[in-house]
Protein chains: 2
Amino acid sequence: MTNAAVLAALADPTRRTVFERLRRGPASVGEVAADLPVSRPAVSQHLKVLKLAGLVIDRPNGARRVYYIDPDGLGELRRWLDQFWDDALEAFKNEVEMPKKVRGRRKS
Amino acid sequence: MTNAAVLAALADPTRRTVFERLRRGPASVGEVAADLPVSRPAVSQHLKVLKLAGLVIDRPNGARRVYYIDPDGLGELRRWLDQFWDDALEAFKNEVEMPKKVRGRRKS
DNA sequence: ACTTACAGTAAGTCATGACTAACGCTGCGG
DNA sequence: CCGCAGCGTTAGTCATGACTTACTGTAAGT
């Protein structure tokens, strides 16, 4: 389940800020670190995590390394969320329809 | 930004397991804890986090307390994700169209 | 009214991870 | 060829949070 990595990556506030910074457009490590109160290596580590989660892709451009957002990573999470949403709605509706029935009581 | 709480809540594997357990249908704390290798207070704490994030709602049913999934919480995250997805796609397409232009250079 | 069962809270322990400082590597310029 | 600039990596520190044990509160049954 890749969703675990994606959710774990998006959970950290700093990492989410980095990710949202990349939403405007591609940027190098130094450019991202310039806007954040953390050091450059920290940004590099965050980008590594985002890369392992499949959320960003890096392209070496000479000495610089430019990071882009990978739309596929978001797509997977989106599909998982959609399925979850459908199931939850169905279960919820199913619950409303039988308000005084047996309900849970899964104890055998 | 409520997304922070939602993402932080869904980042933990155990908490995600609790949430997925609730997807099948409503359940009490003891029922959820029976299927997990953690103690009952741990499940209670996880449910508290999920409740603060707006992902679940609890309804006291006598001595038992039954937890349901709150569809609204997922809806918010879904909207945020959709917007993010659109922006990322646009930025990506915009990047492909101008391969040798100024690109980022957000300095100034 | 007393006991039993179920749930939330408090305090404490321990692991995960976010961050910094220092170092090594690569590519471009003089 | 040599120095500089930009990144990544490693080692180490420190804070956050996940988990357990013990306790308190509440609702139902006898």
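Quick note on labels: first sequence line is chain A, next is B, and so on, each numbered from 1.
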Residue pair B/A9 / B/R15: nearest heavy atoms and the distance that separates them: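 Heavy atoms of B/A9 and B/R15 come nearest at O-NE, 2.8 Å.
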Nearest atoms (heavy-atom pairs only) where A/R16 meets A/A11: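 Heavy-atom minimum between the residues: NH1-O, 3.3 Å.
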Whichever of A/D12 and B/P41 has its nearest DNA chain C nucleotide further upstream toward 5':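 It is B/P41 whose nearest nucleotide is closer to the 5' end.
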5′-ward residue of the pair B/A63/A/V49 relative to DNA chain C: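 The residue mapped nearer the 5' terminus is B/A63.
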Atom [atom1] of [X] and atom [atom2] of [Y]: how far apart are they, to the nearest 0.5 Å?
{"X": "B/W80", "Y": "A/L81", "atom1": "CH2", "atom2": "CG", "answer": "10.5 Å"}
{"X": "B/R78", "Y": "B/D72", "atom1": "CZ", "atom2": "CG", "answer": "12.0 Å"}
{"X": "A/E20", "Y": "B/F84", "atom1": "CD", "atom2": "CZ", "answer": "5.0 Å"}

Taking only N and O in the side chain of [X], is any of them less than 4.0 Å away from OP1 or OP2 of [N]?
{"X": "B/T14", "N": "D/dA18", "answer": "no"}
{"X": "B/K48", "N": "C/dT9", "answer": "yes"}
{"X": "B/Y67", "N": "C/dC6", "answer": "no"}
{"X": "B/S28", "N": "C/dC6", "answer": "no"}

Side-chain donor/acceptor contact of B/R40 with base of C/dA7 under 3.5 Å: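 Yes, a donor-acceptor pair under 3.5 Å.
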Just distance, no hydrogens or angles: give the donor-acceptor pairs under 3.5 Å from side chains in residues 42-57 of chain A, sequence neighbours left out.
unit_1	atom_1	unit_2	atom_2	d
A/K51	NZ	A/D58	OD1	3.4
A/K51	NZ	A/D58	OD2	3.3

[X] side chain: which of [options] is closest?
{"X": "A/S44", "options": "D/dT9, D/dT20, C/dC19", "answer": "D/dT9"}
{"X": "B/V29", "options": "D/dC19, C/dA18, C/dA7", "answer": "C/dA7"}
{"X": "A/V38", "options": "D/dC19, C/dC19, C/dA22", "answer": "C/dC19"}
{"X": "B/S39", "options": "C/dA18, C/dG8, D/dT21", "answer": "D/dT21"}
{"X": "A/R64", "options": "C/dA21, D/dG6, C/dG8", "answer": "D/dG6"}
{"X": "B/H46", "options": "C/dA18, D/dT10, D/dA18", "answer": "D/dA18"}

[X] [atom1] - [N] [atom2] separation (whole Å):
{"X": "A/R15", "N": "C/dC19", "atom1": "CZ", "atom2": "P", "result": "8 Å"}
{"X": "B/L47", "N": "D/dA18", "atom1": "CG", "atom2": "C1'", "result": "14 Å"}
{"X": "B/D58", "N": "C/dG8", "atom1": "CG", "atom2": "C1'", "result": "11 Å"}
{"X": "A/N61", "N": "D/dG8", "atom1": "CG", "atom2": "P", "result": "13 Å"}
{"X": "B/L52", "N": "C/dG8", "atom1": "CG", "atom2": "C1'", "result": "13 Å"}
{"X": "B/R65", "N": "D/dA27", "atom1": "CZ", "atom2": "P", "result": "10 Å"}
{"X": "B/Q45", "N": "C/dT13", "atom1": "CD", "atom2": "C1'", "result": "13 Å"}
{"X": "B/K51", "N": "C/dT9", "atom1": "NZ", "atom2": "P", "result": "8 Å"}

Sugar-phosphate only, base, or nothing, as touched by B/P60 at under 4.0 Å among non-hydrogen atoms: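 B/P60: no heavy atom of the nucleic acid under 4.0 Å.
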